[in-house]
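Letters A, B, ... are given to chains in the order of the sequence lines, protein chains preceding strands, and every chain is numbered from 1. Fair warning: this is a prediction, and the values are worked out from it, not measured in the lab.
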2 protein chains.
Amino acid sequence: MEPSSPEVAAAPTLPAESGLHARVLEHLGTAICGGELAPGSVLNIDELVDRYAVSRSVVREVLRVLASIGFIEARRRVGVMIRPASAWNVFDPQVIRWRLASAGRMAQLRSITELRTAVEPHAAYLAASRIGRDEASDLVGLAAKMWAAGEAGDEERFLHLDIEFHRRVLVASGNEMFVRLQELVAEVLTGRHKHHLMPHHPHEQALQMHADVAQAIQRRDGERARRAMVQLMEQAFDEMKSLWEQTALPDRSKAE
Amino acid sequence: MEPSSPEVAAAPTLPAESGLHARVLEHLGTAICGGELAPGSVLNIDELVDRYAVSRSVVREVLRVLASIGFIEARRRVGVMIRPASAWNVFDPQVIRWRLASAGRMAQLRSITELRTAVEPHAAYLAASRIGRDEASDLVGLAAKMWAAGEAGDEERFLHLDIEFHRRVLVASGNEMFVRLQELVAEVLTGRHKHHLMPHHPHEQALQMHADVAQAIQRRDGERARRAMVQLMEQAFDEMKSLWEQTALPDRSKAE
DNA sequence: TTGATGCAAATGATATGATCTTTGAGTGGA
DNA sequence: TCCACTCAAAGATCATATCATTTGCATCAA
């Protein structure tokens, strides 16, 4: 009966979860992030029930989730009010996804990149004193593989290795909050790739710096690891900067 | 030693919201954070309906929220499974609160302090190039007030000024994610105060460093601002370290 | 014996309608 | 003018019913 549905649709960052709840949540979340529902505007439950043709249960459960990430506030006799961006839980992975998919993409990218710039050097510093022998070896090996992939011009492979490298450094930092940032970093890196902002042949410098970071960590030289990571971040930041300078021509946004 | 400022008692971290939803959410969240509900264990909805004597709707809405912060996963035919800590949304303010109130308090404090150590210097650096003239003046004034409060030995006032100082630096950084970290910083600082880990007379050094940070930012010397903040963080980190080294066992102030 | 097949119970997902509670706004008297 | 009271709108909660999916297990064929 049904046309053979190809299960190829494995979207990594877009689960496209089935189910009414996920569908409505996705739609409302996107709308709020995208500014289609402006802060201060008011919804009401029955209206949503009609609009999405789902039951009150579904709508209420979605609203509870949205409330928990600071998107809305439900008040009796008034309705459901959209809250300003300053109230949002900007660290919620779901919010990150929505923002990266919205018009505020560049702002989101900038924020996360700055966060990386702040955190990763310290993570490298901590990793130097906390990493295990085997992990350290793996890290050095990973940097070597990155070098190989870079030389070979294998972008795809380089991207994956890059993400894995930074993930391992964050993991080795021994701080679970840093680890959690890894998924944000991954979003940024893949985003950068999608927008073709990776040099086809990664800079020689970057390759060397990854190797430096890995080696410094293995030698337990926290200061050197930190400095090397700082350089790496500076370069990544510069690449990003050219990105949002070229893309955000008319946009002098950031209305607080 | 009741301070004579009554309206300050607006407990920002203990909303104690009335309402069934909040009550059940609070209880389950605490239980999961505290390890009373171990990862892998399974609940089912009807059981919860009975245990809390609330309706299905309330339970389901709570479960949706818990699922959105990675605490649980609902699977048909199985029940509601508690997920491991690695899946938690450790940046969710609510999660932070729960963890700070649980046995994992020290680990949480350590994580956030490390995060501060990483972020605040960079925030100071960014603030130096982004802050407005008036904001900069205010910041310097704030540092001066801190000095006065420190000299006077007014702990309470010093704490509030300290929190405000760091908040303004994070705000001035122009990065909304940094701003969001402010509430975590506030938790840490007030927590430190509650546990009597503030020196009654703040170190002369710390006072000077706050002044240095403020001045460097005003003069738009990002590098100097960063270095000063690094020193501040190092000192704060040392104080914290003595904290979680001393409280291997004793602290049991689980009071509300 | 073993593996595929299919049924049915368990359990979450969704729907529906009713009742309770809070609260903004209108109303009227002092 | 201003305060207290009333009413109704809208969310909060409840109770119940039905739908949909997963999975254990029994059945049956090779």
Side-chain angles (χ1 to χ4, degrees), chain A residues 1-2 4-5 7 9-10 15-29 31-32 37-83 87 94, chain B residues 10 15-29 31-32 37-83 87 94:
Chain A
M1 296 263 212
E2 288 301 307
S4 59
S5 51
E7 64 284 16
E17 295 188 35
S18 55
L20 302 179
H21 177 86
R23 191 167 58 79
V24 176
L25 179 63
E26 188 71 19
H27 194 271
L28 275 176
I32 294 174
L37 290 172
S41 54
V42 175
L43 307 172
N44 83 28
I45 292 185
D46 293 326
E47 174 191 326
L48 293 171
V49 167
D50 290 341
R51 186 189 312 174
Y52 292 107
V54 295
S55 72
R56 257 201 309 290
S57 314
V58 173
V59 170
R60 294 198 96 268
E61 285 163 26
V62 167
L63 292 183
R64 287 290 196 194
V65 172
L66 290 175
S68 91
I69 53 184
F71 275 22
I72 63 169
E73 189 183 356
R75 284 163 64 176
R76 293 179 165 172
R77 170 74 196 203
V78 175
V80 177
M81 202 164 36
I82 311 294
R83 300 183 68 188
Q94 206 158 32
Chain B
E17 295 187 36
S18 54
L20 302 179
H21 177 85
R23 191 166 59 79
V24 176
L25 179 62
E26 189 71 18
H27 194 271
L28 275 175
I32 294 174
L37 289 172
S41 55
V42 176
L43 306 172
N44 82 31
I45 291 185
D46 294 324
E47 175 190 324
L48 293 171
V49 167
D50 290 341
R51 185 190 312 175
Y52 292 106
V54 296
S55 73
R56 256 179 120 66
S57 313
V58 173
V59 170
R60 295 199 96 267
E61 285 163 26
V62 167
L63 293 181
R64 286 290 196 194
V65 172
L66 290 175
S68 93
I69 53 184
F71 275 21
I72 63 169
E73 190 184 356
R75 286 163 65 173
R76 292 180 164 166
R77 172 72 195 201
V78 175
V80 177
M81 201 164 35
I82 311 294
R83 299 181 69 187
Q94 208 158 32

*Asks:* Could you pull out the closest heavy-atom pair between A/V65 and B/S68, with the gap in Å?
*Replies:*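 Between these two residues, the closest heavy atoms are CG1-CB, 3.8 Å.
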
*Asks:* Looking at every heavy atom in both B/V54 and B/V49, which two are closest together, and how far apart are they?
*Replies:*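 Minimum heavy-atom separation between B/V54 and B/V49: O-CG1, 3.1 Å.
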
*Asks:* Please report, rounded to the nearest Å, how far the P atom of D/dA9 is from the CG atom of A/L43.
*Replies:*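 It is 19 Å, rounded to the nearest whole Å.
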
*Asks:* DNA chain D: A/R76 or A/S57, which has the more 5' nearest nucleotide?
*Replies:*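 So the residue in question is A/R76.
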
*Asks:* What pair of heavy atoms forms the shortest contact from A/Y52 to A/R23, and how long is it?
*Replies:*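 Residues A/Y52 and A/R23, closest heavy atoms: O-NH2, 3.9 Å.
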
*Asks:* Rounded to whole Å, how long is the line connecting atom CZ of A/R56 with atom C1' of D/dA17?
*Replies:*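 Roughly 15 Å, once rounded to whole Å.
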
*Asks:* With no angle test and no hydrogens, is the base of C/dG12 tied to the side chain of B/R77 by a donor-acceptor pair under 3.5 Å?
*Replies:*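 Checked by distance alone, the answer is no.
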
*Asks:* How many Å lie between CG on A/L48 and C1' on C/dA15, as a whole number?
*Replies:*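 For the pair A/L48 CG and C/dA15 C1', the rounded distance is 16 Å.
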
*Asks:* Rounded to the Å, how far apart are A/E47 CD and D/dG11 C1'?
*Replies:*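 The answer, rounded to whole Å, is 14 Å.
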
*Asks:* Mind calculating the distance between CG (A/D46) and P (D/dA12) to the nearest angstrom?
*Replies:*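 My rounded result for the distance is 12 Å.
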
*Asks:* What is the separation between atom CG on B/L20 and atom P on C/dT21, rounded to the nearest whole Å?
*Replies:*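 Distance, rounded to whole Å: 11 Å.
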
*Asks:* Can you check the B/I45 CD1 to D/dT16 P distance for me, whole Å?
*Replies:*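 Nearest whole value for this atom pair: 17 Å.
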
*Asks:* How long is the line joining CD of A/E73 and P of C/dT23, in whole Å?
*Replies:*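 Atom-to-atom, A/E73 to C/dT23, this comes out as 12 Å.
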
*Asks:* Identify the two heavy atoms, one from B/M81 and one from B/G40, that lie closest to each other, and give their separation to 0.1 Å.
*Replies:*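 Scanning both residues, the minimum pair turns out to be CG-O, 3.7 Å.
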
*Asks:* Is the distance from OP1 or OP2 of D/dA12 to the nearest side-chain N or O of A/R60 less than 4.0 Å?
*Replies:*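 Answer yes for this pair, as a side-chain N or O of A/R60 is under 4.0 Å from OP1 or OP2.
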
*Asks:* Whether B/R75 contacts D/dT23 is assessed here as follows: a side-chain N or O lying under 4.0 Å from the phosphate OP1 or OP2. Is that the case?
*Replies:*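 Looking at the OP1 and OP2 atoms of D/dT23, one of them is under 4.0 Å from a side-chain N or O of B/R75.
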
*Asks:* Would you say D/dT13 has OP1 or OP2 under 4.0 Å from some side-chain N or O of B/S55?
*Replies:*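 Answer is no, no contact under 4.0 Å.
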
